[in-house]
Amino acid sequence: MDLSTRYAHAEVEARWYAHWEASGYFSSVPDDREPFVIVIPPPNVTGVLHMGHMLNNTIQDILIRKARLDGKNACWVPGTDHASIATEAKVVRWLRDEKKIRKADLTREQFLEYAYQWKDKYGGIILQQLRRLGASCDWSRTTFTMDKGYYEDCIRVFVDLYRKGKLYRGLRMVNWDPEARTVLSNEEVIYSAETSQMYHIRYFLEDNEEEGIVIATQRPETIFADVAVAVNPNDPRYRSWIGKRVRVPLINRPIPVIADEYVDVAFGTGALKITPAHDPNDYEIGQRHQLPIIDILNDDGTLNERCAYAPLVGLDRFEARRRMQKILETSGHLVKIESYETNIGRSERTNAVVEPKLSLQWFVRMSELAPPALKAVLDREIRFYPENFQNLYRTWMENLRDWCISRQLWWGQRIPAWYLKAEPRNEETHIFVAMTAEEALQQAREATGNKHLTLDDLRQDEDVLDTWASSWLWPISVFDGFRQPEGEIRYYYPTSVLVTGWDIIFFWVARMIMAGYEFRGEKPFRAVYFTGMVRDKQRRKMSKSLGNSPDALKLLDDYGADGVRYGLMSSAAAGNDILFDEKLCENGRNFCNKIWNALRLVKGWKVAETSEEEADLLRNRLAVRWMRAKFSQVLQSLEEDFASFRLSEALLALYSFIWDDFCSWYLEIIKPSFDKPIDRDTYKVTIQLFGELMVALHPFMPFITEEVWHRLSERAPGQDCIVQRYPKATTFDEDVVRRVEAAKALITRIREVRNEYQVKPREALPLGVQDSPSARTLFGLPGMKELVCKLAVLSKVEWHTQEPPNIKSFLSGTEKYFLDIQQQIDYHKERLKLQQELDYQRGFLKSIEAKLANERFVASAPAAVVENERKKRADALARIQILEETLAKLPT
RNA sequence: GGGCGCAUAGCUCAGUUGGUUCAGAGCACCUGCCUUACAAGCAGGGGGUCGUAGGUUCGAAUCCUUCUGCGCCCACCA
C-alpha cells in the first residue's frame with residue numbers, strides 16, 4: 001500500500017462531501033422512523049463564516065450525524081435570515097460606494113430591487129462555507145426569511161395577532177437611531193461608559209430676574225423641550241419652590257416647579273428638568289403630572305422649529321449642544337460645566353448615540369405571550385443545557401416590556417396595515433389590518449360606509465417588521481406549518497434540539513418558544529444547547545470590528561475540517577466561553593495523522609492463516625478480549641455523554657481510547673515483528689474494530705473516518721461510514737480490563753527502570769516475579785506473560801520464592817518484581833527511594849485505619865465504600881511488608 | 001442599584017448524586033529515542049494544601065456562610 005505518512009485532508013473532504021450529498025444521505029422525508037430534527041439558527045444572509053458559526057454548526061452536525069448513525073430520520077434545516085437593519089445598511093453602503101446612488105434618491109421599489117440584486121450576488125456565501133465544514137444539512141430545505149411563503153407567514157401572523165388583540169399600535173418612548181432613522185430594540189442598544197459634560201443651568205423665576213433654580217443636564221439643547229422642573233417633595237432646599245413658575249432660559253417660556261418622589265435628592269443639584277419627549281423617565285413623570293409634550297428633534301437628530309429658538313433650528317443635536325455652551329454663558333444662565341462619567345447608549349449597527357424619542361410603533365403584548373413560554377422552561381418541558389441559563393431566561397421573562405416590532409426600513413416584511421389617505425399621518429383613527437390591500441379596502445368600505453373607496457384612497461404603513469418578528473417563526477415556517485398545519489410539520493415538530501449562543505436567548509430563543517405556544521400550542525424544541533462565545537486569548541469576543549477572528553476558511557485549509565472541528569469541540573463545554581487557540585486545531589490535525597498512520601500500519605501487514613508462534617496467538621487473543629471489553633466500557637460512557645450533551649467529554653474519551661488504548665497499546669501488542677505475518681483471526685477482528693472506531697468517531701470527524709472506513713476494506717456501494725449503525729455497548733469482562741490495566745502499570749514500571757538505567761531499547765531482560773497469590777492472578781490470564789514480555793522487551797519471566805541477591809527490585813500493585821539489568825545498582829539511592837515509599841504507605845495506612853476505626857463511618861457509609869477501604873488497607877499492608885523486607889535485605 | 005456565575009498544575013480547562021486510586025486532561029516543561037505506522041511521532045518524568053476563613057458531615061474540590069479577586073447580564077441618575 002503506497003500511502004504518504006501525512007494525511008492529506010483537502011481532496012478527501014471535497015470528494016466525500018459531494019458523494020454524501022449525491023447519495024441523498026442529507027435529505028429527509030417523513031417516514032416511520034423516529035425523527036431527529038434541528039433547525040439551524042439562521043445566519044445573516046450577509047454573513048461570512050466565523051468562529052461562532054463554526055462552533056455552532058459543528059455541534060449541530062455532530063448531533064445530526066449521531067442521530068443518523070442511530071438509525072433515526074435525521075433532518076437538519078438550513079437557511080438564512082434577511083437581517084433587516086444589518087443588510088439594509090450594507091446595501092446602502094454598496095449603493096453609495098459602487099453605484100454612486102443615494103438611498104434617498106430611490107423609491108421603495110427601486111431600492112428593494114437593488115437589495116435583491118445585492119442579496120443574489122453576495123448573500124448566502126455562508127451556506128456554501130458551511131459545506132466546507134462538513135455540515136450535513138438537508139439543502140433541499142434551505143429557507144430564507146424573505147422567501148415568498150415565509151414572508152406570507154409573517155404577514156399572516158401579524159394579522160392573526162392583531163385580530164386576537166395581542167398586537168397594537170401605540171405611542172411609546174423608543175430608542176431612536178438618528179443615523180439609520182429607525183427605532184431600535186433595547187437589545188440593539190449598547191451601553192458603555194463615556195465621559196461627558198454636565199451643564200449646570202439656572203432657570204430664573206417667572207417674575208424675578210435675580211433668583212433661580214439650578215438644574216444639571218448632559219443635554220443642554222433639550223431645554224427647549226422642557227415642560228417643568230421637578231424636585232423631591234422631601235427636599236427642604238426646594239420646598240418653597242414647589243408650585244412656583246420658572247422660565248426656560250433663552251426662550252423664556254414659563255414652566256411649573258413640581259414635586260415628584262422620583263427625583264434623587266443626592267444627585268446633581270437635586271432639581272431635575274422635565275423633558276417628556278426626550279427622556280423615558282421624564283415621559284413617565286410627565287404622564288403622572290399631565291404635562292404637555294414638546295418634541296424638538298427631527299428623525300435625523302436635528303432640531304426643529306418647535307424648539308422656538310431660531311439660531312439652532314436645523315442644526316444637529318451635537319452641534320447645537322456645542323453652541324449652547326457659549327450662548328448660555330453669554331446669557332448668564334450657565335453656572336458651571338463638570339466632567340462626568342456616564343453610560344451612553346449607542347446603536348449596535350451605526351454606533352450613533354441613541355436618542356429616546358416618542359414614536360408611533362407597533363407592539364406585541366407580551367403579557368399575553370410570555371406566561372406559557374416561561375412555564376415550559378421552568379417545568380423543564382423544554383430543557384436547557386446547561387441548566388443555569390434558566391435563571392437568565394426567567395428574570396428576563398418576568399420583566400418583559402411589550403415588544404416593538406416595527407422598523408423604519410424597507411428591507412423586510414412590510415407591515416400589513418392600511419390607513420385612509422384622507423387622515424393625517426400619525427393621527428389616523430382608522431386602521432385596517434389584512435393579508436392584502438384588497439381585503440383592507442373591503443374593511444375600509446365597511447368601516448366608513450363609503451362603497452366608493454378605492455385602493456387609491458388607502459396608504460399602507462411604510463414600516464417593516466423587526467427581523468426577530470420573522471425569525472421567531474423559524475421552527476414552524478420552515479416546515480410550512482402555517483399553510484399546512486396538518487402537513488409534514490406534524491412529523492417534524494417539535495424539533496429535537498436547538499443549538500445557539502446564549503447571547504440571543506432573548507432575541508430569539510424566548511420568542512421562538514412564545515411563537516411555538518401561540519401558534520401551535522406546543523414547544524418548538526425539546527432541548528436547547530447553549531454554546532459559549534468564542535473569544536481570543538485576551539478573552540475578547542471575536543468580532544470583525546476587532547479583527548481578532550482567525551480566517552475561518554484559512555483554518556479549514558490549514559488543519560482540515562476534521563482538525564478544526566476537533567479544535568473547537570475539545571475545549572467547549574456547553575455554555576462556557578472558549579478561548580480559541582489554533583493549537584487545538586493542530587491537535588486535531590495531529591489526531592487525524594495518527595489515525596491515518598494506524599491505517600498504514602494495519603494495511604501494511606501480511607496475513608497468514610495462523611501464526612507459527614503459539615505465544616503470538618495467546619497474546620493476540622488476550623489483546624482482542626481486552627480491546628472488546630474496553631471498547632464496550634467506552635461506548636457506555638459515550639452514550640451517557642451524548643444523552644446529556646457532554647460532547648467534549650465524548651470526543652475526549654474517543655480520542656484517548658483511539659490514541660492510547662488502540663494505537664499505543666493494542667496495536668503495539670498485536671504488531672507482528674518485522675516481515676512476519678499476522679494471523680487471520682486477529683487481523684479480521686482488528687479491521688472490524690478499527691471500522692467500528694471510525695463509526696464511533698464519525699459524528700465528530702466525518703471526513704477522515706469515512707476515508708479510513710473505505711480503505712480498511714472493500715465496501716459495497718452504499719456501505720458508507722455515514723450511514724452505518726453506531727456501535728453499541730455490550731456486557732463486558734471487567735476482570736480482563738482490570739488485569740490488563742495492572743499489566744500496563746507493570747510495563748510502565750519496567751520501562752521506567754529501563755529508562756533510569758539506560759538499558760538499550762532492544763535489549764531483552766529477564767523479569768523475576770516474586771511468587772504471591774496476586775501475582776498468580778495477574779499472570780493467570782492466558783497470554784498475559786507474552787503480552788508483558790513483548791511490550792516491556794523481556795527475554796523471559798521467572799518465578800522466585802526467594803529473593804535473588806544483588807538485583808534491581810521494584811513494586812507494582814502489591815507484587816514485587818526483579819529485573820536483572822546487569823549493572824551496578826546505586827544502593828544508597830535505592831534505600832532513599834524505598835524509605836520514601838515506605839513512609840508514604842505507612843501514612844496512607846494510618847489514615848485508612850483511622851477511618852475504619854470510626855464506628856460511625858463503618859455504620860453510615862455504603863457497604864461498597866467500607867469494603868473498598870478494607871481492600872485498600874490490605875493492599876497497603878502487603879506493600880509495607882514487601883518494602884520492609886526489601887529494605888532489610890538491601891546491601892549497605 | 002438588582003441579579004447570575006467563576007476561582008483546581010506555568011497556561012487553558014474537565015471533575016455529573018459528597019464516597020471506588022479523585023486530585024485529572026491537553027498544552028508547556030525536563031530526560032532519553034530519527035525503535036521499519038506516525039518527529040504532526042515514541043518511551044519516561046516533575047509539577048497543585050482545589051482562592052480565603054469558618055461551618056455541616058463518619059467523610060468536602062463537590063453542600064452552607066464570610067471575605068478577597070475576577071467575569072457577565074439587567075436596569076440606569078438628570
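Naming convention: chains lettered A, B, ... in sequence-line order (proteins, then strands); numbering from 1 in each chain. Quick caveat, the model's predicted, so the values are computed rather than measured. Side chains included, hydrogens not; waters and symmetry mates left out as well; all remaining heavy atoms used.
Under the 30°/60° scheme for interplanar angles, the aromatic rings of Phe662(A) and Tyr666(A) are found to lie parallel. Under the 30°/60° scheme for interplanar angles, the aromatic rings of Phe642(A) and Phe700(A) are found to be tilted. A perpendicular orientation is assigned to the rings of Phe645(A) and Tyr529(A), their planes being inclined by more than 60° (bins at 30° and 60°). Taking the six-membered ring for Trp and thresholds of 30 and 60 degrees, Tyr393(A) and Phe384(A) have ring planes more than 60 degrees apart, a perpendicular arrangement.
Note on Ser664(A): only backbone sugar-phosphate atoms sit closer than 4.0 angstrom, heavy atoms only; bases stay farther off. At a threshold of 4.0 angstrom between heavy atoms, the contacts of Thr342(A) are confined to the sugar-phosphate backbone, with no base atom among them. As judged by a 4.0 angstrom heavy-atom cut-off over every strand, Ala216(A) is placed among the base-contacting residues. As judged by a 4.0 angstrom heavy-atom cut-off over every strand, Asp282(A) is placed among residues making no nucleic acid contact. Arg6(A) comes within 4.0 angstrom of a nucleotide base, judged by non-hydrogen atoms across all strands. Counting any heavy atom pair closer than 4.0 Å across all strands shown, Asn854(A) reaches sugar-phosphate atoms only and no base atom. Looking at heavy-atom distances under 4.0 Å, Val602(A) makes no contact with the nucleic acid at all. Glu387(A) comes within 4.0 angstrom of no nucleic acid atom, judged by non-hydrogen atoms across all strands. Cys663(A) comes within contact range of at least one nucleobase, with a heavy-atom separation under 4.0 Å. Among the heavy atoms of the strands, none lies under 4.0 Å from Pro761(A). The residue Gly270(A) sits close to a base: some heavy atom pair falls under 4.0 Å.
The side chain of Arg646(A) has U16(B) as its nearest neighbour among U16(B), G19(B), C42(B). Listed nucleotides A37(B), U21(B), C27(B) differ in distance to Asn587(A); the shortest reach to its side chain belongs to C27(B). Which of U21(B), C73(B), U16(B) sits closest to the side chain of Lys872(A) comes down to U21(B). Taking the side chain of Arg762(A) as heavy atoms from C-beta on, and the options C38(B), C58(B), U35(B), the nearest nucleotide is U35(B). Nearest nucleotide to the side chain of Phe506(A), out of C73(B), C76(B), G26(B): C73(B). Of the candidates C72(B), C77(B), C38(B), C72(B) carries the atom nearest the Trp502(A) side chain, counting heavy atoms from C-beta on. Comparing G19(B), A37(B), G3(B) against the side chain of Thr395(A) picks out G3(B) as the nearest. For Arg879(A), taking side-chain heavy atoms from C-beta onward, the closest of the listed nucleotides U21(B), C42(B), A37(B) is U21(B). Closest to the Glu649(A) side chain, of the nucleotides G5(B), A78(B), G15(B), is G15(B). Out of G44(B), C76(B), C42(B), the shortest distance to the side chain of Trp659(A) is found at C42(B).
A cation-pi arrangement is absent between Arg202(A) and Trp241(A), since the terminal nitrogen or guanidinium carbon is not both under 6.0 Å from the aromatic centre and inside a 45° cone about the axis.
Checking Asp875(A) against Thr5(A), the closest nucleotide of RNA chain B that is more toward the 5' end is the one next to Asp875(A). Where Asn391(A) and Ser860(A) each meet RNA chain B at their nearest nucleotide, the meeting point lying more 5' is that of Asn391(A).
Rounded to whole Å, the distance from CD1 on Ile704(A) to C1' on C38(B) is 12 Å. Between Ile504(A) atom CD1 and C73(B) atom P the separation is 15 Å, expressed in whole Å.
For the P atoms, the distance from U49(B) to U31(B) is 25 Å, rounded to whole Å. The gap from the P atom of C42(B) to that of C4(B) amounts to 47 Å, rounded to the nearest Å. Separation of the P atoms belonging to A60(B) and A23(B) is 13 Å when rounded to the nearest angstrom. Atom name C1', nucleotides U52(B) and G32(B): the rounded distance is 43 Å, in whole Å. Taking atom P on both G55(B) and U66(B), the two are 15 Å apart, rounded to the nearest angstrom.
The side chain to side chain donor-acceptor pair (under 3.5 Å) with Thr275(A) is formed by just one residue from the set Thr217(A), Asn281(A), Asp226(A); it is Asp226(A). Among Glu707(A), Arg6(A), His9(A), Met701(A), the single residue meeting the side-chain contact (heavy atoms from CB on, under 4.5 Å) criterion with Cys592(A) is Met701(A).
Sorted by first and then second residue, the side-chain hydrogen bond (donor to acceptor under 3.5 Å, both in side chains) pairs involving residues 847-867 of chain A (not counting sequence neighbours) form an empty list.
With contacts defined as side-chain heavy-atom distances shorter than 4.5 Å, the pair Arg711(A)/Val708(A) does not qualify.
Taking 4.0 angstrom as the limit, Asn281(A) places a side-chain polar atom (N or O) nearer than this to OP1 or OP2 of C77(B). For the OP1/OP2 pair of A25(B) and a distance below 4.0 Å, the side-chain nitrogens and oxygens of Ser656(A) include no atom meeting the criterion. Under 4.0 angstrom from either OP1 or OP2 of G19(B) there lies no side-chain N or O belonging to Asn868(A). For C42(B), one of the phosphate oxygens OP1 or OP2 lies less than 4.0 angstrom from a side-chain nitrogen or oxygen of Lys594(A). Put simply, Thr275(A) has no side-chain N or O that comes within less than 4.0 Å of OP1 or OP2 on A78(B).
For a distance-only test at 3.5 Å, the side chain of Lys583(A) fails to qualify as a donor-acceptor partner of the base of C27(B). At a cut-off of 3.5 angstrom, counting only N and O atoms as typed in the model, there is no donor on one side facing an acceptor on the other between the side-chain of Arg856(A) and the base of U57(B). A donor-acceptor contact under 3.5 Å is not formed by the side chain of Arg751(A) with the base of A43(B).
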| said: Run the ring pair (Phe, Tyr, Trp, His ring centres under 6.0 Å) test on Phe591(A) and Tyr655(A) for me, step by step, so that the C-alpha distance in whole Å, both residues' side-chain angles and the decisive distance to 0.1 Å come before the verdict. | reply: CA-CA 8 Å; Phe591(A) 186 33; Tyr655(A) 175 85; 4.7 Å; yes
| task | Quick one: the dot-bracket string of RNA chain B, using Watson-Crick and G-U wobble pairs with both distances under 3.5 Å, [ ] for crossing pairs and | for bases paired to another strand. | result | (((((((..((((.....[....)))).(((((.......))))).....(.(((..]....))).))))))))....
